[in-house]
Amino acid sequence: MTPVHFAFSSTFVLGLAGLAFHRTHLLSALLCLEAMMLSLFIALSIWALQLDSTNFSASPMLLLAFSACEASAGLALLVATSRTHGSDRLQSLNLLQC
């Protein structure tokens with residue numbers, strides 16, 4: 001495994017570990033998801049450059065567009081939960097309560 005591949009795979013694993021073990025605030029969960037998506041974007045971009053093919057050049061841009069949509073939906077949920085519950089702590093949220 002090259003150092004570049006190790007760096008991006010460890011970035012993804014650190015984002016996944018942060019999402020799994022550090023779930024106190026919704027904002028920290030969203031940041032972990034964003035770190036995972038950015039590591040996937042960079043890895044996919046490097047993979048497309050290494051193949052020297054134009055067939056895969058649109059894939060990183062498509063992933064980046066989906067990542068932007070995910071970030072905007074996450075921020076909208078953050079604003080909605082902080083307005084209704086007064087906090088973004090995940091322990092105070094109840095999924096059964098409207």
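- The CG atom of Leu64 sits 12.5 Å away from atom OG of Ser59, with the distance rounded to the nearest 0.5 Å.
- With rounding to the nearest 0.5 Å, the separation of CG in Asp88 from OG1 in Thr24 is 8.0 Å.
- No chain of hydrophobic side-chain contacts below 4.5 Å, direct or via other Ile, Leu, Val, Met, Phe, Trp or Tyr residues, connects Phe12 to Phe66.
- Here the straight-line distance linking atom CZ of Phe41 with atom CG of Leu62 works out to 11.5 Å at 0.5 Å rounding.
- Between Leu78 and Thr81, the shortest heavy-atom contact is O-OG1, 3.1 Å.
- Taken to the nearest 0.5 Å, the OG atom of Ser9 stands 11.0 Å off from the CG atom of Leu40.
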Atom pairs and distances, side-chain donor-acceptor, residues 26-38, under 3.5 Å, sequence neighbours left out:
{"residue": "Ser28", "atom": "OG", "partner": "His25", "partner atom": "O", "Å": "2.8"}
{"residue": "Glu34", "atom": "OE2", "partner": "Ser67", "partner atom": "OG", "Å": "3.1"}

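- Val13 and Leu44 fall into different hydrophobic clusters, where Ile, Leu, Val, Met, Phe, Trp and Tyr residues are linked whenever their side-chain heavy atoms come under 4.5 Å apart, directly or through other members.
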